[in-house]
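Worksheet for the structure shown next.
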Protein chains: 2
Amino acid sequence: MTRWLSDDERRAWRGYLDMNTQLSAQLHRQLQADSGLSLADFDVLVQLTDRAEPRMRVGELADALQWEKSRLSHHLARMNKRGLIAREDCPDDARSVFIVLTAKGKQAIEQAAPAHVDTVRDLVFDHLSAEEVAALAAISARVLGRLGRAGPEVAQ
Amino acid sequence: MTRWLSDDERRAWRGYLDMNTQLSAQLHRQLQADSGLSLADFDVLVQLTDRAEPRMRVGELADALQWEKSRLSHHLARMNKRGLIAREDCPDDARSVFIVLTAKGKQAIEQAAPAHVDTVRDLVFDHLSAEEVAALAAISARVLGRLGRAGPEVAQ
DNA sequence: CCAAGGTAGGTGACATGTCAACCATTCCGG
DNA sequence: CCGGAATGGTTGACATGTCACCTACCTTGG
C-alpha cells in the first residue's frame, strides 16, 4: 500500500525540485557567460587545482567527481581540445594517463572561481540563516547516508 | 573582494551538490528500471494527468514544466514515437497543437507513480524530521524567491 | 614463462538538451 | 484590408551523457 506524501512533504519536495532546476540553470548561465566554462568543466578544474600533486590519473578524477569513466573520458577529450587540460604518460603503468592543468586551464579556473562563489552566496547563502545552513547540511548528510547504504537497489 | 564560504557553508554546499547528483541518479535509475520512463517522461505525464481537461497545448505544458519550448518539442516527438502521447489539431488556433495522453501513456504513469513515490519516501522523507522537512521547504522558498526576483542576471 | 582474468581507459552509437534559425498563422496599426 | 510584427511550434546542428563494447596492459596461478 503506497502512502502518498503529506502536504508539507509535497511542498518541500516540489520546492526542492524547482530549486534544483532553476539554481543549476542559473549557476550554469553565470559561469558560462562569465568565463566560458560549464559547471562540469569547473568541477574537473577544481579537482585538478585543489591538491599538492598537479597531476591526477583519470581513475582518481573519476572517483573524486563520482563520474562514470566514459563520461569523464569524453569530457576530458573536449577539454583537451579546448586546451584546458593535457595528458601525460604514466611511467608506473602504461595503461594509465595523467591529466594535468594547462596554463590556460589554470588561468580559467582562477578567473572563474571568485565570480562563481559570489553567485552562490548571492543566490543561496546570503538568504539563509545559520540554522538553515545547518539544516541543509544535516538533510544532505541523512539522504547521502541512505544513498550510500542503499547502493543502486530500489525501494523494496 | 570575494568572500569564500565558511566551513559550515562549504559543508552544506558540498552536501547539497552531492545529494542532488546521487539522488537524481538514483531516482532516475529506479524509474527507468521499474517502468521504462525517464524522469523527464514522468514529469510530462504528470502534467497531463493532474488536470480536468485531458488536452493541453504545447505552450501550456512548457509553462507548467518550465522547459524551453525546443526541449519540449523534441521530447514530445520522442514520446509520441513511443506511443505515450498523441497530438491533436487545435481548432481555435491552427498554429497550436493539443497534446493528449494515450492509453499507453496513462497506463505507464499510473503504473510508475506508486513505486516512484515509495522511492522518494524511502530515500528522503523517511529519514527527515518534521523540522527538517519544514526547513527544506523554507530554504527552497527563499532561494526560489531570490531566483525569481533575479531573473537571468548574474551576481553583481 | 604463459594463459586467463582483471584493470585503465577509450570508442561509437545513440538519447537528451541547447541555440539559433525557420515556417505558418494570427494580430494589429494605418 | 494589408503588410509587418508577434506567436506557436518545429527543425537542424551541435554539446553533453549513457551504454555496451573494445584495446592495451598488468597480474597471477600453475
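A note on names: the letters A, B, ... follow the listed sequences, proteins ahead of strands, and every chain is numbered from 1.
- The phosphate of dC22(C) has neither OP1 nor OP2 within less than 4.0 Å of any side-chain N or O from Arg95(B).
- Note: CG (Leu72(A)) to P (dT16(D)) measures 14 Å, nearest angstrom.
- An OP1 or OP2 oxygen of dG9(D) is reached within less than 4.0 angstrom by a side-chain nitrogen or oxygen of Ser96(B).
- Residue Arg71(B) places none of its side-chain N or O atoms closer than 4.0 Å to OP1 or OP2 of dC19(C).
- Checked by distance alone, His74(B) brings a side-chain donor or acceptor within 3.5 Å of a matching partner on the base of dG12(D).
- At least one side-chain nitrogen or oxygen of His75(A) sits closer than 4.0 Å to the OP1 or OP2 atom of dG17(D).
- When all heavy atoms of Arg71(B) and Ala40(B) are compared, the closest pair comes out as NH2-CB, 4.3 Å.
- Projected onto DNA chain D by closest heavy-atom contact, Trp67(A) and Asp93(B) fall at different nucleotides, the more 5' of which corresponds to Asp93(B).
- Distance Ile85(B) CD1 to dG9(D) C1': 13 Å, rounded to the nearest Å.
- Distance Arg29(B) CZ to dG17(D) P: 16 Å, rounded to the nearest Å.
- Using a 4.0 Å cut-off, no side-chain N or O of Arg78(B) falls inside it from OP1 or OP2 of dA15(C).
- A straight line from CG of Asp41(A) to P of dT16(D) spans 7 Å, rounded to a whole angstrom.
- Ring orientation note: the planes of Phe42(B) and His116(B) are tilted relative to one another, at an angle of 30° to 60°.
- Remark: Asp118(B) does not engage Arg121(B) in a salt bridge, criterion side-chain N to carboxylate O under 4.0 Å.
- When heavy atoms are screened at a 4.0 angstrom cut-off, Arg87(B) is found touching the sugar-phosphate backbone but no base atom.
- A straight line from CD1 of Ile99(A) to P of dA8(C) spans 15 Å, rounded to a whole angstrom.
- For Asp89(A) and dG9(C), the CG to C1' distance is 13 Å, given to the nearest whole Å.
- A salt bridge between Arg51(B) and Glu53(B) is absent, with no side-chain N of the basic residue lying under 4.0 Å from a carboxylate O of the acidic one.
- Per the geometry, NZ belonging to Lys81(A) stands 9 Å off P belonging to dA15(D), to the nearest Å.
- Between Asp92(A) atom CG and dA24(D) atom C1' there is a gap of 17 Å when expressed in whole angstrom units.
- Of the residues near DNA chain D, Ser70(B) and Ser70(A), the one whose nearest nucleotide (by heavy atom distance) lies more toward the 5' end is Ser70(B).
- In this structure, Arg82(B) pairs ionically with Asp41(B), as a charged nitrogen and a carboxylate oxygen lie closer than 4.0 Å.
- The side chain of Ala40(B) approaches dG17(C) more closely than any other nucleotide in the set dG17(C), dC19(D), dG10(C).
- Comparing dG9(C), dC19(C), dG10(C) by their closest approach to the side chain of Ser73(A) singles out dG10(C).
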